[in-house]
Amino acid sequence: MSQLVVNFSGNERAIPAPVTVAGAIKEFDRDVLKKTLAAKVNGEDVDLNKELSATDQIISIEPITADTRDGLEVIRHSAAHLFAAALLDLFPGTKLGVGPALMDDPRYGFYYDVIAPRNLTEDDLPVIEKKMKAMAKQNLPYRREEIEKARVLDIFAERDEPLKRELIDEKAGDNASIYYIDNSEFIDFCLGPHVPHTGKLKAFKLLALSGAYWKGDAANQQMQRIYGTAFATQEELDAWTKQREEAEKRDHRKLGRELDLFSISDEFGQGLILWHPKGGIIRNEMERLLREELENRGYSFVYTPHIAKRDLWVTSGHEGNYADSMYSPTSIEDEEYRLKPMNCPFHIGIYKSSPRSYRDLPQRYSEMGTVYRAELSGTLHGIMRVRGFSVDDAHLFVRPDQVHAEVVDCLDFAIKVFETYGFDNVKFELSVRGDAENKGYLGADADWAQAEAQLASALDQRGISYDRIEGEAAFYGPKIDIKIEDAIGRVWQLGTIQLDFNLPERFELEYTAEDNLKHRPFMIHRALFGSIERFFGVLIEHYAGAFPLWLAPVQVAVLPITDRINDYALEIAGRLKGAGFRVETNTKSDKIGAKIRDAQMQKVPFMLILGDKELEEGKIAVRERKQGDIGQMSLEEFLETITQQKLARSL
RNA sequence: GCCACCUUAGCUCAGUUGAUAGAGCAACUGAUUUGUAAUCAGUAGGUCGUCGGUUUGAGUCCGACAGGUGGCUCCA
């Protein structure tokens, strides 16, 4: 009898062959087999029902279990197939595109791009989901076959699946791996692995319907994409659903309205923000923090217009490369002007306004510069993606030998500011020029090498671990992107520190060096928030609207229990205002519970509850927004606490 | 811009098979003077997104457009 030797988690055993992977695992550990979905055999991902034939070599088998990331990926991928199978059953003639598992998108777990005989609507999703559940119950096996490419192409030609054929043609080798599910019309071109049968899929849900271009190219036809998610257990799916509801509660558009922070109205234009007084207070505090840091770090403050002559944008290259995102030109006295989509050319104008010596560098110009971009309507999203926004912009004009120190300072700046907001997890990505690729990179090789080395060494010096991404640099220079993780684990791309070999060249920037010759300065674009509107949106969601004291539009709510106390309340409020705090006094004739509820819903950090007792004793009763009642104290004591919190910008 | 869905009072939403608009909260007025998340009563508030069509009759059916939402492409 032939046999093979299997190494399973360090144990070796001879097993009669042929045997399936599942059969082999069973010889070692029946319990592990129960939660195993697929396996790695000699490092290769395979299905459990793959047959192993006799061999002299030792075969290593590692299980892929449901409780691992690899296992989840198998579940999600299999769920996408189950979806396709259900869809084919309900809508015969549906053409399939691609249907991958999504592992890094917190919103979804998989999708499938399809073209159904009629456009699917949201009402179809529950019907399809029901069919999926019915199929899951039947424990239908997923079967894999490797077939010669030409035959596979014939199969999909017969089934009239032109998109799949295109994929197979492009991706398959001599043989193509296909999957089918028993008792279903479904056949797919796919490497796997999958769960052994549909019964292993216990917790899945269809979520959303959208359009998606074939191969992600807007020039191609648009298909329908159905999003869903799947987990190993119902408990995990429930937890995910709960997390999703939590994110919805934090939606900046909802909170922006409830807390009266900003509004967007079609009357003024899509994607244009009206900052209300309370939003304005927060913005002002955000800018105050920035201003302090900019001053400390030797930046100067500049102000530039919102519009400039068209010729300027020709010189800068925006007319050539960016015109689609710019508002159309407007004319006065036969001269054309365009709204600015970026601030850089203006700062360059300031640099060029007089001759520069090497002693003058670095020049650091900062500006909260408002720019306008003609974004497609479908891309707009609340305050996060708009058509007019302000960039916390700065441009540094530096000598080559200064790049390193300037970048270190930029990194330091970013970390300090984001820490103040309570973002402890700041991620950095260094994007460099990929080798061998020709993306039309500008600038000399030596400059690139030097610039990339300086960015890397700046990151190293500041002790920052970062991801290095080859080939992601802009055509005009390498960059460091800054990303932060918010309170519920979502990652936001914000600022960037970007070297630019293009604009100094285009505008012929120079400075006179010690050798009395003209040299070209390096230019660094630097923004921490990217857009203050967007960052404000991130903050709203990060804090769930409960801004720390230093940012809160109303810092203290003074709540008298009866009308008798109103005068005392106004006196206390007056003293707080005198000390520089933002205070609202509620003298309505509501009960104290209602006043507290009001203040609580407005997420005011501190409430002062004032009744006869407080009036008599000349004290205040303090309620903190999260802790609740924290007892009586003197106004002086309270002032000391909040003054300290405010100055420290405590969270 | 493209695909799907949505649009009724400031906000959140009802409005059955077509018969001249309804609630809660908010606002305002009055009563109440209250001890840690909603006191009671009253008043006011809407060309049902816009335009057109079907119909004796449209918030309701059909069409176009606008805006919004979720995505795609793009992106701060």
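Side-chain atoms are counted along with the backbone in the values below, which use heavy atoms only and exclude waters and symmetry mates. Chain letters run A, B, ... following the sequence lines, proteins first, then strands; residues in each count from 1.
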Just to be sure I understand the rule, does [X] reach a base, reach only the sugar-phosphate, or reach nothing, if contact means heavy atoms closer than 4.0 Å?
{"X": "A:Q270", "result": "sugar-phosphate"}
{"X": "A:K254", "result": "nothing"}
{"X": "A:V386", "result": "base"}
{"X": "A:A599", "result": "nothing"}
{"X": "A:T379", "result": "base"}
{"X": "A:I565", "result": "nothing"}
{"X": "A:G495", "result": "nothing"}
{"X": "A:Q224", "result": "sugar-phosphate"}
{"X": "A:D629", "result": "base"}
{"X": "A:N119", "result": "sugar-phosphate"}
{"X": "A:M384", "result": "base"}
{"X": "A:T496", "result": "nothing"}
{"X": "A:F535", "result": "nothing"}
{"X": "A:R225", "result": "sugar-phosphate"}

Would you say the base of [N] and the side-chain of [X] have a donor-acceptor pair closer than 3.5 Å?
{"X": "A:E614", "N": "B:G35", "result": "yes"}
{"X": "A:R597", "N": "B:A38", "result": "yes"}
{"X": "A:R385", "N": "B:C74", "result": "yes"}
{"X": "A:E375", "N": "B:A76", "result": "yes"}
{"X": "A:Y213", "N": "B:G1", "result": "yes"}
{"X": "A:S589", "N": "B:U33", "result": "no"}

For [N] and [M], measure between their [atom1] atoms and round to the nearest Å.
{"N": "B:G24", "M": "B:C5", "atom1": "C1'", "answer": "26 Å"}
{"N": "B:C61", "M": "B:U17", "atom1": "C1'", "answer": "12 Å"}
{"N": "B:G10", "M": "B:C62", "atom1": "C1'", "answer": "32 Å"}
{"N": "B:C13", "M": "B:G45", "atom1": "P", "answer": "24 Å"}
{"N": "B:C65", "M": "B:A4", "atom1": "P", "answer": "13 Å"}
{"N": "B:G59", "M": "B:U8", "atom1": "C1'", "answer": "7 Å"}
{"N": "B:C11", "M": "B:U54", "atom1": "C1'", "answer": "35 Å"}
{"N": "B:G70", "M": "B:C28", "atom1": "P", "answer": "33 Å"}

Between [options], which nucleotide gets closest to the side-chain atoms of [X]?
{"X": "A:L376", "options": "B:U73, B:G70, B:A4", "answer": "B:U73"}
{"X": "A:I561", "options": "B:A66, B:A37, B:U34", "answer": "B:U34"}
{"X": "A:I592", "options": "B:U36, B:G67, B:A37", "answer": "B:U36"}
{"X": "A:R373", "options": "B:C74, B:A76, B:G70", "answer": "B:A76"}
{"X": "A:R107", "options": "B:C72, B:U39, B:G1", "answer": "B:C72"}
{"X": "A:I596", "options": "B:U36, B:G67, B:A76", "answer": "B:U36"}
{"X": "A:R253", "options": "B:C74, B:C3, B:U69", "answer": "B:U69"}
{"X": "A:K613", "options": "B:G35, B:A4, B:C72", "answer": "B:G35"}

Respond yes when some side-chain nitrogen or oxygen of [X] is under 4.0 Å from OP1 or OP2 of [N], and no when none is.
{"X": "A:H381", "N": "B:G68", "answer": "no"}
{"X": "A:Y111", "N": "B:C72", "answer": "no"}
{"X": "A:R257", "N": "B:G10", "answer": "no"}
{"X": "A:R564", "N": "B:U34", "answer": "yes"}

Report the distance from atom [atom1] of [X] to atom [atom2] of [N], rounded to the nearest whole Å.
{"X": "A:N566", "N": "B:U34", "atom1": "CG", "atom2": "P", "answer": "13 Å"}
{"X": "A:N586", "N": "B:A37", "atom1": "CG", "atom2": "P", "answer": "15 Å"}
{"X": "A:R534", "N": "B:C74", "atom1": "CZ", "atom2": "P", "answer": "16 Å"}
{"X": "A:D123", "N": "B:C5", "atom1": "CG", "atom2": "P", "answer": "8 Å"}
{"X": "A:K595", "N": "B:U32", "atom1": "NZ", "atom2": "P", "answer": "16 Å"}
{"X": "A:D590", "N": "B:U33", "atom1": "CG", "atom2": "P", "answer": "14 Å"}
{"X": "A:Y227", "N": "B:A4", "atom1": "OH", "atom2": "C1'", "answer": "13 Å"}

Can you tell me how far the [atom1] atom of [X] sits from the [atom2] atom of [Y], to the nearest 0.5 Å?
{"X": "A:R387", "Y": "A:Y372", "atom1": "CZ", "atom2": "OH", "value": "13.0 Å"}
{"X": "A:D598", "Y": "A:N586", "atom1": "CG", "atom2": "CG", "value": "6.0 Å"}
{"X": "A:Q270", "Y": "A:T379", "atom1": "CD", "atom2": "OG1", "value": "9.5 Å"}

Do A:N343 and A:V391 make a side-chain contact, defined as non-hydrogen atoms from C-beta onward lying under 4.5 Å apart?
yes

Answer yes or no for [X] and [Y]: cation-pi contact, defined as NZ/CZ to six-membered ring centre under 6.0 Å and angle to ring axis within 45°.
{"X": "A:K603", "Y": "A:F547", "result": "no"}
{"X": "A:R253", "Y": "A:F262", "result": "no"}
{"X": "A:R225", "Y": "A:Y111", "result": "yes"}

Does any nucleotide pair with [N] by Watson-Crick or G-U wobble geometry, both distances under 3.5 Å, and what is it?
{"N": "B:G49", "result": "B:C65"}
{"N": "B:U17", "result": "none"}
{"N": "B:G1", "result": "B:C72"}
{"N": "B:C28", "result": "B:G42"}

Closest-nucleotide ordering on RNA chain B, the 5'-leading residue of A:Q600 and A:R387:
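So the residue in question is A:Q600.
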
Of A:V558, A:T585, A:I620, the residue whose pairing with A:L576 passes side chain to side chain contact (heavy atoms under 4.5 Å, CB included):
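Single pass found, and it is A:V558.
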
For A:F529 and B:A76, say yes or no: do the ring centres fall under 5.5 Å of each other while the ring planes differ by less than 30°?
no

Does either side chain, that of A:T587 or that of A:N566, offer a donor lying less than 3.5 Å from an acceptor on the other one?
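No, because no side-chain N or O of A:T587 sits under 3.5 Å from a partner of the opposite role on A:N566.
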
Salt-bridged, A:K205 to A:E129, with N to O below 4.0 Å?
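Looking at A:E129 together with A:K205, the answer is no, because their closest N to O distance does not fall below 4.0 Å.
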
